[in-house]
Amino acid sequence: MNLLIMLLLLELLQGSSSYIPINASITYVGTAFSINVYQLSFKNITGYLMIPQGVYEGIFAGLLKVDNLTLVGTYHGLISHLTFVGYFTPVIAYKSVSIPTVLSLGNYTGFEAIVQSKVPIYLRYLVFNEYSNGTLVNTLSLVTVNATKPPLTIWFGNGYDCVSYSINATFSEPVRIVPIPVIVNTQPPISYYVSNVSIVSVQPQTELMLLEPGDIIIAESPIGEVNYTMYVCRKLMSVGSPNFLYVIEYLGPTGIVIPGSIITKIFSIEKPSNPVVIVNRVFYVLASGKYVLSTYSVGPGNVLSAGKGSIIDFTALVMTVLRYYGIPTRAALGFYGVSDGNGVYIFNSGMSILWDEAFVNGWVMFTPFPIYGKPSMGINISSVTSSVIIGLVLVLPWVMGYLIYVLISHVRAR
């Protein structure tokens, strides 16, 4: 509700009388945190509405996508028989940033980094929302929600019992997509949460753009060095995300169809339940050893029956399962590093890995497949990096070197 109040205040301050009349059918997407999410489509325009459960008439926060613009604002009207009649009042308009992403075999050309960190980290690179033609894809329109010179903070959630870490990354070749250092839970239960990561400085100096949905950072001009501060917490606070309008886009179909009866039977979770409990249960069932990694794909929809699958299979499966339970979930691509024993980690394009990020009043990150090693945030190298390396031995052909074609247009919010 805080988001709706903010939008209404902005609307009043702008004094805008412009609106878009709407009479369109809507499709139920899912429910998250007692809010029903619907998608509407008409005249080549798509949008999302956020509607509290049990409410059918009033003012609702949402998005509307028109051509290359994403409009954030309020819907005013009535829902009846899966039809919305009323109008949409835009408050903020963002131009889309073109970053078509497909996870496919190949190489990340020239990606190498030397990182100084007291703990092993992953470098988070891109995210995906669907599975198609045997791979992960991003079909969402990304927009610049913040454009500024450092410092710039990426918020994944709010936590307590936190520790901050200073991290420095130097790239062998200048980069435009700025990787984000994170801690990923490698064994259940979820024990660590990345609250936020601040990009303190970059060299050479340039403006940074925060893209949503996905929490992706793009540099206006290529950079060779970044200084970060990462906050890692043991507890997650029950505070909603200020970017929940973008979070809900990860409730949509994944391209994988698994009957709800099978999901309920395998994971033994009845609706509704605590989102953290659901995530931990799914994490435990898939990563505890009952299922195994294979060097070939059986298809995400067949993992539960075959008892095995590739990293892509497991990652896409978890997106589907958690969205069935009303938990927004996305797949992330990043890199793991190898330590030289002195707090220095080497990253390159051959050290790529996937994981899932689920929204439970904040994004939690975990590898939803069986890997080996002691569960820990990674105070010593064996807890994270070596466990990842061991787990990747079986799937190296699938994770070494993905080719991502990235086309970036320089845009600003308006």
Side-chain angles (χ1 to χ4, degrees), residues 27-33 36-39 48 102-103 127-140 185 188-190 213 247-333 354-360 363-371 394-395 398-399:
T27 302
Y28 173 74
V29 174
T31 299
F33 307 99
N36 291 331
V37 180
Y38 295 90
Q39 184 178 35
Y48 289 95
V102 178
L103 189 62
V127 296
F128 308 95
N129 69 306
E130 291 184 11
Y131 176 86
S132 177
N133 297 320
T135 190
L136 294 167
V137 298
N138 176 56
T139 63
L140 300 177
N185 292 271
I190 302 292
V247 171
I248 64 174
E249 298 199 61
Y250 293 104
L251 272 180
T254 62
I256 304 165
V257 178
I258 303 176
S261 58
I262 293 179
I263 293 176
T264 301
K265 179 180 179 181
I266 296 295
F267 296 100
S268 303
I269 305 171
E270 297 290 344
K271 292 182 177 180
S273 185
N274 183 294
V276 176
V277 172
I278 294 174
V279 171
N280 275 323
R281 176 61 182 170
V282 172
F283 191 9
Y284 174 79
V285 169
L286 295 177
S288 61
K290 179 180 179 180
Y291 297 88
V292 298
L293 287 171
S294 64
T295 57
Y296 56 91
S297 171
V298 300
N302 298 318
V303 170
L304 298 178
S305 58
K308 61 184 176 181
S310 67
I311 281 185
I312 293 177
D313 291 341
F314 278 96
T315 307
L317 168 66
V318 168
M319 278 202 303
T320 304
V321 170
L322 292 183
R323 291 186 194 182
Y324 167 77
Y325 286 110
I327 300 175
T329 308
R330 60 197 184 193
L333 167 70
L354 295 169
W355 63 85
D356 280 292
E357 299 178 351
F359 187 83
V360 289
W363 291 104
V364 297
M365 306 174 186
F366 60 102
T367 51
F369 38 79
I371 60 178
L394 296 176
V395 291
W398 288 93
V399 298

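Along the sequence shown, the residues carry numbers beginning at 1.
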| message | Between T329 (side chain only) and I327 (backbone N and O only), is there a donor and an acceptor less than 3.5 Å apart? | response | yes
| message | Does any part of the side chain of V279, heavy atoms only, come nearer than 4.5 Å to the side chain of V364, both counted from C-beta? | response | yes
| said: Any side-chain to backbone donor/acceptor pair from N280 onto P188? Under 3.5 Å, distance only. | reply: no
| message | Given 3.5 Å as the limit, does a donor-acceptor pair link the side chain of R281 with the main chain of S268, or not? | response | no
| said: Could you go through I278 and F267, starting from their C-alpha distance and side-chain angles, then the distance that decides it, and tell me whether this counts as side chain to side chain contact (heavy atoms under 4.5 Å, CB included)? | reply: CA-CA 9 Å; I278 294 174; F267 296 100; over 6 Å; no
| query | Would you say F314 and L354 make side-chain contact, with heavy atoms under 4.5 Å? | reply | no
| message | Tell me the closest heavy-atom pair linking V298 and G309, and the distance in Å. | response | CG2-CA, 4.0 Å
| task | Give me the one residue out of L286, V303, T367 that meets side chain to side chain contact (heavy atoms under 4.5 Å, CB included) with V318. | result | L286
| field | Shortest non-hydrogen separation from P328 to G326 and the atoms involved | value | CD-O, 3.6 Å
| Donor-acceptor pair, side chain of S305 and main chain of N302, under 3.5 angstrom | yes
| message | Looking at every heavy atom in both S310 and S294, which two are closest together, and how far apart are they? | response | N-OG, 3.7 Å
| For the atom pair OG1 (T27) and OH (Y48), what is the distance rounded to the nearest 0.5 Å? | 10.0 Å
| To the nearest 0.5 Å, what is the distance between CZ (F369) and CG (L293)? | 6.5 Å
| note | Scanning both residues in full, the closest heavy-atom pair of Y250 with F128 reads CE2-O, 4.3 Å
| request: Locate the shortest heavy-atom distance separating P253 from E130; write the atom from each residue and the value. | output: O-CG, 3.6 Å
| message | Is it the case that the side chain of Y131 and the backbone of M319 share a donor-acceptor pair, with hydrogens and angles ignored and the cut-off at 3.5 Å? | response | no
| note | CG of N185 to CE of M365, rounded to nearest 0.5 Å, is 9.5 Å
| task | Start with the C-alpha gap between V29 and I248, add the side-chain angles, then the distance that decides, and say whether side chain to side chain contact (heavy atoms under 4.5 Å, CB included) holds. | result | CA-CA 9 Å; V29 174; I248 64 174; over 6 Å; no
| Which heavy atom of P368 sits nearest a heavy atom of D356, and at what distance? | CG-OD2, 2.9 Å
| remark: Here the gap from W355 atom CH2 to R330 atom CZ, rounded to the nearest 0.5 Å, amounts to 10.5 Å
| Polar side chain donor-acceptor pair, K290 to Y284, under 3.5 angstrom | no
| Can you tell me how far the CG atom of N129 sits from the OG1 atom of T139, to the nearest 0.5 Å? | 3.5 Å
| field | Side-chain heavy atoms of D313 within contact of L317, under 4.5 Å | value | no
| task | Report yes if some heavy atom in the side chain of I190 is under 4.5 Å from a heavy atom in the side chain of V276; otherwise report no. | result | no
| query | What distance separates I266 CD1 from S261 OG, expressed to the nearest 0.5 Å? | reply | 10.0 Å
| request: List the steps, then state whether side chain to side chain contact (heavy atoms under 4.5 Å, CB included) holds for I256 with R323. | output: CA-CA 11 Å; I256 304 165; R323 291 186 194 182; over 6 Å; no
| message | Side chains of Y324 and I269, heavy atoms from C-beta outward: is any pair under 4.5 Å? | response | no
| said: Taking ring-ring contact (aromatic ring centres under 6.0 Å, His included) as the definition, give me every residue that meets it alongside Y28, ordered by chain and number, with sequence neighbours left out. | reply: Y38
